[in-house]
2 protein chains.
Amino acid sequence: MLGNPTTPTAFHVSTRGEYGMRLMVDLARHWGQGSISLHAVAQREDLPEAYLEQLVASLRKAGLVSGKRGAGGGYTLARDPAQITAGDVVRALEGPIEPQICTAEGDPVVNCIREQNCGTRAVWVKLQSTIAAALDGMTMAELAKSTSRERAHV
Amino acid sequence: MLGNPTTPTAFHVSTRGEYGMRLMVDLARHWGQGSISLHAVAQREDLPEAYLEQLVASLRKAGLVSGKRGAGGGYTLARDPAQITAGDVVRALEGPIEPQICTAEGDPVVNCIREQNCGTRAVWVKLQSTIAAALDGMTMAELAKSTSRERAHV
DNA sequence: ACAATTCCGAGTGAAGTGCTCGGAAATCCC
DNA sequence: GGGATTTCCGAGCACTTCACTCGGAATTGT
């Protein structure tokens, strides 16, 4: 694992987001097939199982997956793959989408305290809405589908 | 300083990007007025001067500002404010815009090694182009202008 | 000469990243 | 009921990044 760059990059999503997204798409691909164990996911996606455990906890608390204990147990998407967006996943794993504190999602007037008319604020506001729109426009269903389609003709 | 959130947030831009953007907009606002010292910028924007020194070095190496030493010296935008985008500034300070390594700017085929048809890749590619487009669509001239306009009727 | 200023490199405490480990609790199969 | 399987939970740990500061050299205007 650990495919992270040593050189700094802007807007880089951490392994939480990356692995978590892979996990969710994997679950979406197996939607309707009962509980899927993390062990299986870890093997298919070649990801550290113990670490996935940690990530899936966040996803469960966010109400995106539900777990079932014991032998034969595992995880399932909590609702239809078409009703879960990439934005949901990212927010569950990496927190709310806000380039700056003054652009907090939902809170329109958590503005910079000292400077009312900060010139740069326009940048971060635009960025926040753009990113959110992009991520909220993609569902697990779409991602799972495109993957298996590409896989079909390998 | 240090207005950063204690709770983790996705796509958060660091103080390098934030302070650097403020610095650039400030220089844009004083475009045509000769060299501006960091001391002056630091006071106006209420930012740590020694830290700005570090940031401006990156901006200079990226060819966005040029410095003049000695008494009466300071910094100037290296070209017209309308020819410098927010994307230029962010890239200079925080590195290339790439949510994942497999979505490196310019390099279209630095793909994931082990899995050719990664389902999640679509997410990061979309994200990269969306972010880049948003940032590259805003110039220092626009930001400097909108700020002073808002300031006018305070 | 002297003050102002950019340039440069090193250092530092706190936080975040990317994991591992040990163990408790639930559930199924025999 | 015993044992295997699996989710749940919290702690810990090496490494890197963040957000700075500090000291000093080089350059330039007065």
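Below, chain A is the first sequence line, B the second, and so on; all start at residue 1.
Here the nucleotide nearest the side chain of B/Leu38, chosen from C/dT6, D/dC20, C/dT20, is C/dT6. When distances are taken from the side chain of A/Arg60 to each of C/dC7, D/dC20, D/dC9, the shortest belongs to D/dC9. For A/Arg69, the listed nucleotide lying nearest its side chain is D/dT7; candidates were D/dT21, C/dC19, D/dT7. For A/Tyr51, whose side chain is taken as the heavy atoms from C-beta onward, the closest listed nucleotide among C/dG18, D/dT6, D/dT21 is C/dG18. The side chain of B/Tyr75 lies closest to C/dC7, out of C/dT20, C/dC7, D/dC8. Considering only side-chain atoms of A/Glu53, the nucleotide from D/dT21, C/dT6, D/dC9 that sits closest is D/dC9. The side chain of B/Thr15 lies closest to D/dA19, out of C/dT5, D/dT7, D/dA19. For B/Lys68, the side-chain atoms get nearest to D/dG29 when compared with the rest of D/dG29, C/dC19, C/dA26. Closest to the A/Ala71 side chain, of the nucleotides D/dT28, D/dC20, D/dA4, is D/dA4.
Nucleotide D/dT6 holds its C1' atom 15 Å from the CD atom of A/Gln43, rounded to whole Å. Across the protein-nucleic acid pair, B/Leu55 atom CG and D/dA19 atom C1' stand 9 Å apart, rounded to whole Å. Rounded to an integer number of Å, the gap from NE2 of B/His12 to P of C/dT17 is 12 Å. If you measure from atom CG of A/Leu52 to atom P of D/dT6, you get 15 Å, rounded to the nearest angstrom. Summarising the geometry, the separation between NE2 on B/His39 and P on C/dC7 is reported as 17 Å, rounded to the nearest angstrom. In this structure, B/Leu47 atom CG and D/dC20 atom C1' are separated by 12 Å, rounded to whole Å. Atom CG in B/Leu23 sits roughly 11 Å away from atom P in C/dT6 (whole-Å rounding). The CD-P distance, from B/Gln54 to C/dT12, rounds to 15 Å in whole Å.
For D/dT21, the base has no donor-acceptor partner in the side chain of B/Glu49 [N/O atoms by modelled type, under 3.5 angstrom].
Side-chain contact of A/His39 with A/Glu49: a donor-acceptor pair under 3.5 Å is present, judged by distance alone. In summary, the side chains of A/Thr139 and A/Gln83 do not present any donor paired with an acceptor at a separation below 3.5 Å, with no hydrogens or angles considered.
For B/Ser35 and C/dT5, the shortest distance from a side-chain N or O to OP1 or OP2 is not below 4.0 Å.
Side-chain atoms of A/Thr85 and A/Leu135, non-hydrogen and from C-beta on, never get closer than 4.5 Å to each other. Between A/Val123 and B/Met21 the shortest side-chain heavy-atom distance falls below 4.5 Å.
The one candidate from B/Leu93, B/Val65, B/Leu38 that meets the side chain to side chain contact (heavy atoms under 4.5 Å, CB included) condition with B/Leu23 is B/Leu38.
Between A/Arg16 and A/Gly72, it is A/Arg16 whose nearest contact on DNA chain C lies nearer the 5' terminus.
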